[in-house]
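Below you'll find the structure, written out as structure tokens, and then a few comments.
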Amino acid sequence: MTSWSLRVTADGSHTVFSEPYQSTYHSMHGAWQESMHVFIQAGLFYVLENHEYPRIRIWEMGFGTGLNAFLSWLVLQERPVHLDYLAIDLNPLPPSITNQLNYPKLCKHPHAVRTFDAIHRAAWGQPFEIGPHFTLTKIQTDLSHYHPEGAVDLIYFDAFGPGCQANLWSKEVVQEQILPLCQKGTILTTYSAQGLFRRNLQSTGFLVTKIPGPPGKREMIRAQFLGKQDQ
Ligand SMILES: C[S@@+](CC[C@H](N)C(=O)[O-])C[C@H]1O[C@@H](n2cnc3c(N)ncnc32)[C@H](O)[C@@H]1O
């Protein structure tokens, strides 16, 4: 059985449909638009607005198509910031799918095709220099068994929805996997506004804000870690 198939979303960008999870990787209202709204505008631009960073460290739950990594690289091109991007995924997509994704064709950057290709060719399990200002580390692992090392500035939480994989939005995951990635000020964004996930974050030391979501989604979450007791 084929596990994945390509779909075209309303803004013309591709997404992937997962047979086992019976879910698309992005909103059918527009994959590119959703990633730009939820992760880049509400996350990356928000972090950059509030701090001056020579380096920014991003951690992503659910690498998938690599769209969030690619967009993060793309929007940082005009800024003097080094991107350290760490992403996990339990079931990486095969080249037969990633080679067909149309994301690099949707922007005019001269290095888009080469960079998107490098993002997918990078070996799993070790850091890879995609370019002089972009280090990518992809780790194949189950989120619930993942042992994070070191804090990050920004978390893109892009698991399949709580209705599909409730265990990945649980208090245990917030405490065991998300919290160790946080230092005072770490920002987390996600497309979901689920009440239980919001409360799980709040009870673990996050200030949680509901903000307008992308087309097709009224609200989403941006959360800021307020610090461990000794910070
Ligand atoms: C919503 S998709 C991610 C979309 C991705 N960020 C993108 O832009 O294409 C969810 C991802 O989580 C991965 N996943 C599912 N269960 C997982 C688990 N237990 N641990 C880690 N990754 C998991 C899937 O393989 C899939 O790539």
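This structure is a prediction, so every number in the text was calculated from the model and none was measured. Because only heavy atoms are used, hydrogens play no part in the values below, and waters and symmetry mates are left out as well, while side chains stay in. Both ligands and their constituent atoms are indexed starting at 1 by order of listing.
Considering only non-hydrogen atoms, atom 27 (O) of ligand 1 lies nearest to D89 out of L67, D89, V16. Scanning G62, G161, S144 for the heavy atom closest to atom 6 (N) of ligand 1 points to G62. Around atom 23 (C) of ligand 1, the closest heavy atom drawn from M61, H14, E34 belongs to M61.
Ring geometry for W59 versus Y146: interplanar angle under 30°, hence parallel rather than tilted (30 to 60°).
For T141, the heavy-atom gap to ligand 1 drops under 4.0 angstrom.
The protein atom (non-hydrogen) at minimum distance from atom 16 (N) of ligand 1 is Q165 NE2, 3.0 Å. The shortest contact between atom 10 (C) of ligand 1 and any protein heavy atom is with D158 O, 3.4 Å. Annotation: atom 22 (N) of ligand 1 to nearest protein heavy atom, L90 N, 3.1 Å.
Shown here for C164 and Y21, the closest heavy-atom pair between the two residues is SG-O, 3.7 Å.
No side-chain donor from either of D11 and Q33 sits under 3.5 Å from a side-chain acceptor of the other. Side-chain contact annotation: Y156 with S72, donor-acceptor N/O pair under 3.5 Å present.
Contacts between Y21 and ligand 1 below 4.0 angstrom, taking non-hydrogen atoms only, involve the side chain exclusively.
Within ligand 1, the atoms closer than 4.0 Å to a non-hydrogen atom of E60 are 6 (N), numbered from 1 in the order shown. In the vicinity of F63, heavy-atom distances shorter than 4.0 Å reach the ligand 1 atoms 5 (C), 6 (N), 7 (C), 9 (O). The contact set between ligand 1 and T65, taken as ligand atoms under 4.0 Å from a residue heavy atom, comprises 7 (C), 8 (O), 9 (O). With ligand atoms numbered from 1 in the order given, ligand 1 contributes 6 (N), 8 (O) to contacts under 4.0 Å with heavy atoms of N68. Contact atoms of ligand 1 toward G64: 5 (C), 9 (O), 27 (O) (distance under 4.0 Å to a heavy atom of the residue). Under a 4.0 Å criterion applied to the non-hydrogen atoms of L143, ligand 1 contributes the atoms 18 (C), 19 (N), 20 (N), 21 (C).
Considering both main-chain and side-chain atoms, F160 never comes within under 3.5 Å of ligand 1 through any nitrogen or oxygen pair. Close N/O approach between D142 and ligand 1 is found [any backbone or side-chain N/O within under 3.5 Å]. For ligand 1, the polar-atom distance check against I88 finds no nitrogen or oxygen pair separated by under 3.5 Å. Checking only distances, H26 does come within under 3.5 Å of ligand 1, N or O to N or O.
The OG1 atom of T189 sits 7.5 Å away from the CD1 atom of I211 when rounded to the nearest 0.5 Å. Between F206 atom CZ and L188 atom CG the span is 5.5 Å, to the nearest 0.5 Å. The OG1 atom of T98 sits 9.5 Å away from the CZ atom of R121 when rounded to the nearest 0.5 Å.
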Q: Assess whether ring pair (Phe, Tyr, Trp, His ring centres under 6.0 Å) is satisfied between H109 and W73, documenting all intermediate values.
A: CA-CA 11 Å; H109 195 283; W73 164 80; 4.9 Å; yes

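Taking the six-membered ring for Trp and the full ring otherwise, the centers of H120 and F70 sit at least 6.0 Å from each other. The distance between the ring centers of F17 and Y25 does not fall below 6.0 angstrom.
You'll find the side chain of P94 reaches within 4.5 Å of the side chain of W4, heavy atoms only.
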